[in-house]
Visitor: 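The structure is given below, and queries will be raised subsequently.
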Amino acid sequence: MRIGIMGGTFDPIHIGHMLAAEAAYDTYRLDRVWFMPSHIPPHKQGAGAAGEERLQMVKEAVQGHPAFEAIDHEIRRGGVSYTFQTIRELQELHPGVELFFIIGADMVNYLPHWEHIEELAQRLVFIGVRRPGYELALDELPAFLHDRVKLADMPVVDISSTDIRERIAAGHSVRYMVPDRVYEFITRGSMYEI
């Protein structure tokens, strides 16, 4: 079984995340895509929404897609969410699966700085989804990553979770920037408002 893992803060999850996952799913004929909210990402400030709220937004977003699923592995574990630790644990829980880690183009060039990147490159394949405004320099990656990074193209959508939180705080609409069910969840909970 070929499983894509879409990790992230998802604060909130938006249509860019969904399009990236769909591009990886379609391009590499994945059987499943697991959306996995991080508890505390090592490269970002703390999240604006609590872990359970972010997990619920992911569940709302993926509902209705037969191959997309929300998993709570990093939220349940707590602490800083390091990918190498998570992948070790998931491979122990699901032996024999072929894992693909879906990342944005902005993270592809940063891969050499990830904790235990050489081990990760042996355990899985990275799918870098091209996003607007980021130049990919695959030839500048270390040799051990050259055949461990694949690319997928997605429609050009320049949306970020930060922009969405700022729009909500300023009293502006984010309708259609997030999946409908996520919009309803945010609106019901008055999330991100100052």
Side-chain angles (χ1 to χ4, degrees), residues 1-39 41 47 49 51-77 81 83-108 111 120-132 136 147-161 164 174-186:
M1 179 167 297
R2 295 160 63 86
I3 297 175
I5 299 173
M6 182 88 175
T9 311
F10 302 125
D11 191 26
I13 190 167
H14 55 70
I15 61 167
H17 295 127
M18 304 304 291
L19 289 169
E22 184 70 16
Y25 169 74
D26 181 59
T27 302
Y28 293 98
R29 301 293 183 239
L30 304 177
D31 296 300
R32 308 280 302 158
V33 175
W34 292 344
F35 286 74
M36 181 176 58
S38 58
H39 183 257
E52 287 301 321
E53 291 173 318
R54 293 182 289 111
L55 177 63
Q56 187 58 43
M57 285 189 280
V58 171
K59 288 179 179 178
E60 298 288 343
V62 301
Q63 193 172 59
H65 193 297
F68 288 5
E69 179 182 346
I71 65 170
D72 65 353
H73 189 82
E74 289 187 345
I75 297 286
R76 270 188 299 109
R77 187 177 66 224
S81 300
T83 304
F84 77 90
Q85 183 180 10
T86 299
I87 296 305
R88 284 178 188 168
E89 293 166 356
L90 289 175
Q91 287 180 325
E92 286 175 16
L93 291 169
H94 307 279
V97 300
E98 187 178 1
L99 295 180
F100 297 79
F101 203 83
I102 304 165
I103 58 176
D106 56 327
M107 292 304 293
V108 170
L111 280 173
L120 271 172
Q122 292 172 358
R123 290 180 175 270
L124 55 75
V125 171
F126 292 94
I127 299 175
V129 181
R130 297 180 211 251
R131 291 172 46 182
L136 291 174
D147 65 343
R148 305 305 288 172
V149 177
K150 308 295 182 195
L151 298 177
D153 290 317
M154 65 178 264
V156 177
V157 176
D158 193 11
I159 295 175
S160 75
S161 296
I164 290 170
V174 296
R175 187 183 294 273
Y176 307 120
M177 296 174 78
V178 297
D180 289 342
R181 294 180 63 90
V182 174
Y183 178 77
E184 292 166 11
F185 182 83
I186 290 171

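No hydrogens, no waters, no symmetry mates; every other heavy atom, side chains included, goes into these values.
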Visitor: Any idea which heavy atoms bring P37 and I75 closest together, and the distance?
Guide: O-CG1, 3.6 Å
Visitor: I need the minimum non-hydrogen distance between M154 and A23, along with the two atoms involved.
Guide: CB-CB, 3.9 Å
Visitor: So, taking the atom named CD1 in I5 and the one named OG1 in T83, what distance separates them when rounded to the nearest 0.5 Å?
Guide: 9.0 Å
Visitor: Backbone N or O of R2 within a donor-acceptor pair of the D31 side chain at under 3.5 Å?
Guide: yes
Visitor: For I13 and V178, work out which heavy atoms get closest and say how close.
Guide: O-CG1, 3.4 Å
Visitor: Just how far is it from atom CD1 of I71 to atom CE of M36, taken to the nearest 0.5 Å?
Guide: 5.0 Å
Visitor: Any donor-acceptor pair under 3.5 Å linking the side chain of Q91 with the backbone of R123?
Guide: yes
Visitor: Got M177 and Y183 here, is their nearest side-chain heavy-atom distance under 4.5 Å?
Guide: no
Visitor: How far does CZ of F100 sit from NZ of K150, to the nearest 0.5 angstrom?
Guide: 9.0 Å
Visitor: Report the C-alpha separation of E52 and Q56 in whole Å, then their side-chain angles, then the decisive distance to 0.1 Å, and conclude whether the side-chain hydrogen bond (donor to acceptor under 3.5 Å, both in side chains) test is met.
Guide: CA-CA 6 Å; E52 287 301 321; Q56 187 58 43; over 6 Å; no
Visitor: List the residues meeting salt bridge (charged side-chain N to carboxylate O under 4.0 Å, His left out) with R148, not counting sequence neighbours, and say none if there are none.
Guide: none
Visitor: Taking atom CZ of R175 and atom CD1 of I186, what is their separation to the nearest 0.5 Å?
Guide: 11.5 Å
Visitor: Within the 4.5 Å heavy-atom criterion, are W34 and H73 side-chain neighbours or not?
Guide: no
Visitor: Which distance, rounded to the nearest 0.5 Å, do you find between the CE of M18 and the CD1 of I159?
Guide: 12.5 Å
Visitor: What pair of heavy atoms forms the shortest contact from A49 to D11, and how long is it?
Guide: N-OD1, 3.1 Å
Visitor: Consider side-chain contact (heavy atoms from CB on, under 4.5 Å). Of V33, L30, V97, L90, which one does I3 pass it with?
Guide: V97
Visitor: S81 and H39: which non-hydrogen atoms are nearest, and at how many Å?
Guide: OG-N, 2.9 Å
Visitor: Taking the six-membered ring for Trp, is the centroid-to-centroid distance between F35 and H17 below 6.0 Å?
Guide: no
Visitor: Check whether any side-chain heavy atom of L99 lies under 4.5 Å from a side-chain heavy atom of F101, and answer yes or no.
Guide: no
Visitor: Check whether any side-chain heavy atom of E89 sits under 4.5 Å from a side-chain heavy atom of R77, and report yes or no.
Guide: yes
Visitor: Taking only residues two or more places apart in sequence, or in another chain, which ones meet D26 in a salt bridge (charged side-chain N to carboxylate O under 4.0 Å, His left out)?
Guide: R29
Visitor: Taking R54 for its side chain and T9 for its backbone only, find out whether a donor-acceptor pair lies under 3.5 Å.
Guide: yes
Visitor: Looking at every non-hydrogen atom in both residues, tell me the closest pair between M6 and A20 and how far apart they are.
Guide: CE-CB, 3.9 Å
Visitor: Going through the checks in order, is the side chain to side chain contact (heavy atoms under 4.5 Å, CB included) test met by Y25 and I102?
Guide: CA-CA 9 Å; Y25 169 74; I102 304 165; over 6 Å; no
Visitor: Are E60 and M57 packed together at the side-chain level, in the sense that at least one heavy-atom pair is separated by less than 4.5 angstrom?
Guide: no
Visitor: How long is the straight-line distance from OG1 of T27 back to CD of E22, given to the nearest 0.5 Å?
Guide: 9.0 Å
Visitor: State whether the side chain of R32 and the backbone N or O of P66 hold a donor-acceptor pair below 3.5 Å, judged by distance alone.
Guide: yes
